[in-house]
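Letters A, B, ... are given to chains in the order of the sequence lines, protein chains preceding strands, and every chain is numbered from 1.
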Number of protein chains: 2
Amino acid sequence: MLVHMAEAGGRALTSEELSSFIHTNPVVVRRSIAGLREAGIVASSRGHGGGWQLGRAPDQISLAEISSALGETLLPFSTEPESPGCLVEQAVIAALEDFRTEAERLLAEKLGRITLADLAADFRRRYDEIGVTSHAV
Amino acid sequence: MLVHMAEAGGRALTSEELSSFIHTNPVVVRRSIAGLREAGIVASSRGHGGGWQLGRAPDQISLAEISSALGETLLPFSTEPESPGCLVEQAVIAALEDFRTEAERLLAEKLGRITLADLAADFRRRYDEIGVTSHAV
DNA sequence: GTTTCATGTAACTAAATTAGTTACGAATCT
DNA sequence: AGATTCGTAACTAATTTAGTTACATGAAAC
């Protein structure tokens with residue numbers, strides 16, 4: 001959805017339009033990206049001509065920020081104790097916490113280098129490629 | 001559960017015993033760790049005196065192997081195309097695939113350095129600590 | 001100022017996943 | 001033979017997620 005916004009040239013896209021891109025429902029779209037507003041990644045406006053657009057330039061929006069704004073974790077496990085007092089769990093959690101700290105730093109650093117502008121550029125490259133192919137055929 | 005096996009001194013623990021450690025059901029235990037058998041991480045035996053034990057020494061079992069044998073992914077997202085033909089999705093997946101390749105290598109390398117023996121040693125340290133505290137009080 | 005358009009959000013439904021449970025057959029030891 | 005334990009199927013319940021409907025709020029157009 002964000003790539004589509006980046007490609008929209010400043011025009012606001014409605015959740016109706018966005019939902020058709022990913023074959024889902026407008027309400028699902030609004031729910032999904034509402035969390036990006038507070039982080040300034042998107043801006044929404046109501047009424048005629050309203051909709052969604054990027055909150056800043058695509059090269060200033062990294063995948064790390066998006067992930068963080070969506071409240072996603074970068075690692076697929078929890079370190080919440082489930083049996084407080086269990087020493088085995090404590091040992092496992094201690095090891096995983098150490099691992100998590102460094103791993104998340106590494107992942108965030110890597111994802112921070114990929115921006116929406118990169119994705120949009122790659123999308124455009126593929127788009128032009130198809131265009132050429134179509135002409136050739 | 002594997003730490004408990006490591007601490008059991010070679011004796012096989014029943015799924016009944018293991019399930020009581022983590023407050024769950026014997027069948028859930030069997031289902032959960034069945035996948036570790038094929039990887040040689042655990043061995044199970046039936047009948048009287050049967051149960052579960054480690055398939056090799058705790059210092060030869062890394063968290064990376066356990067994670068892999070359980071079929072877990074190290075990263076919490078999928079790169080399965082959902083709309084084949086969507087160029088935006090292709091661009092996103094391409095970027096994430098690159099990221100995933102290096103990230104998984106890094107994570108596996110880190111998790112490969114943590115072994116069951118490390119966890120068991122930390123567990124034992126905590127256990128002795130409690131013992132001392134209890135005596136002191 | 002009324003109409004139209006679009007978001008914000010609550011409430012409900014349906015589907016998918018997961019944990020838990022019961023039951024029983026197969027294997028193994030005493 | 002009998003007791004024990006895993007292996008596995010089948011079912012139930014709880015949780016999560018996506019999808020849908022409905023409607024209030026806000027903003028532009030006329």
Side-chain angles (χ1 to χ4, degrees), chain A residues 1-2 4-5 8-55 66-67 69-73 75-78 80-83 86 89 92, chain B residues 1-2 4-5 8-55 66-67 69-73 75-83 86 89:
Chain A
M1 294 190 281
L2 296 178
H4 282 291
M5 290 180 215
R11 181 172 76 86
L13 299 177
T14 67
S15 47
E16 184 79 37
E17 289 173 300
L18 290 169
S19 70
S20 75
F21 290 143
I22 60 173
H23 307 108
T24 182
N25 191 286
V27 177
V28 174
V29 168
R30 288 178 220 145
R31 273 205 300 240
S32 301
I33 61 182
L36 300 178
R37 205 183 311 121
E38 201 175 317
I41 294 172
V42 299
S44 63
S45 52
R46 302 212 246 197
H48 205 112
W52 302 82
Q53 49 202 313
L54 295 183
I66 297 168
S67 171
L70 291 173
E72 308 266 318
T73 59
L75 294 170
F77 56 83
S78 155
E80 290 294 306
E82 291 178 16
S83 301
C86 172
E89 186 181 48
V92 173
Chain B
M1 293 191 281
L2 296 177
H4 282 290
M5 291 181 214
R11 181 173 77 86
L13 299 176
T14 67
S15 47
E16 183 78 36
E17 290 173 299
L18 289 170
S19 70
S20 76
F21 290 142
I22 60 172
H23 307 107
T24 183
N25 191 285
V27 178
V28 174
V29 168
R30 287 179 221 143
R31 275 204 298 240
S32 302
I33 61 182
L36 300 177
R37 205 183 311 121
E38 199 175 320
I41 294 172
V42 299
S44 63
S45 52
R46 303 210 247 197
H48 204 114
W52 301 82
Q53 50 201 314
L54 294 183
I66 297 168
S67 170
L70 290 174
E72 308 265 318
T73 59
L75 293 170
F77 57 82
S78 154
T79 48
E80 290 294 304
E82 291 179 15
S83 302
C86 173
E89 186 181 48

Starting at atom CD of E17(A), determine the distance to atom C1' of dT7(C), rounded to an integer number of angstrom. 14 Å
Should the heavy atoms of other residues, nucleotides or ligands under 6.0 Å from CD of E72(A) be counted, would the total exceed 12? yes
When rounded to the nearest 0.5 angstrom, what is the spacing between CZ in R37(A) and CH2 in W52(A)? 4.5 Å
Looking only at side-chain atoms of H48(B), point me to the closest of dA27(C), dT30(C), dA18(D). dT30(C)
When you measure from the side chain of S15(B), which nucleotide among dA11(C), dT21(C), dC6(D) comes out closest? dC6(D)
Value in whole Å for how far the P atom of dA18(D) lies from CZ of R30(A): 16 Å
So, under a plain 3.5 Å distance rule, would you say the side chain of R31(A) forms a donor-acceptor pair with the base of dG19(D)? yes
Rounded to whole Å, how long is the line connecting atom CG of L18(A) with atom P of dG19(D)? 14 Å
By the 4.0 Å heavy-atom rule, please label G50(A) as base, sugar-phosphate, or nothing. sugar-phosphate
Using whole Å, what does the distance between atom C1' of nucleotide dT17(D) and atom CD of E72(A) come to? 13 Å
Just the rounded figure in Å: distance from C1' of dT25(D) to CZ of R46(A). 5 Å
What's the closest nucleotide to the V27(B) side chain, out of dT7(C), dA22(D), dA23(C)? dA23(C)
Should S45(B) be listed as having a side-chain N or O under 4.0 Å from OP1 or OP2 of dT28(C)? no
Rounded to whole Å, how long is the line connecting atom CG of N25(B) with atom P of dC6(D)? 12 Å
Measure the distance from NE2 on H23(B) to P on dG20(C) and round it to the nearest whole Å. 12 Å
Could you grab the distance from atom CG of L70(A) to atom OG1 of T73(A), nearest 0.5 Å is fine? 11.5 Å
Hey, what do you get for CD1 (I66(A)) to CD1 (I41(A)), rounding to the nearest 0.5 Å? 5.5 Å
Heavy-atom nearest nucleotide on DNA chain D for G51(B) versus G47(A): which residue maps closer to 5'? G51(B)
Spacing between L13(A) atom CG and dC5(C) atom P, to the nearest angstrom: 18 Å
Can you identify which nucleotide, out of dG7(D), dC6(D), dG19(D), has its nearest atom closest to the T14(B) side chain? dC6(D)
Could you tell me the separation between the CE atom of M1(A) and the CG atom of L36(A), rounded to the nearest 0.5 Å? 8.0 Å
Phosphate OP1/OP2 of dA19(C): any T24(B) side-chain N/O under 4.0 Å: no
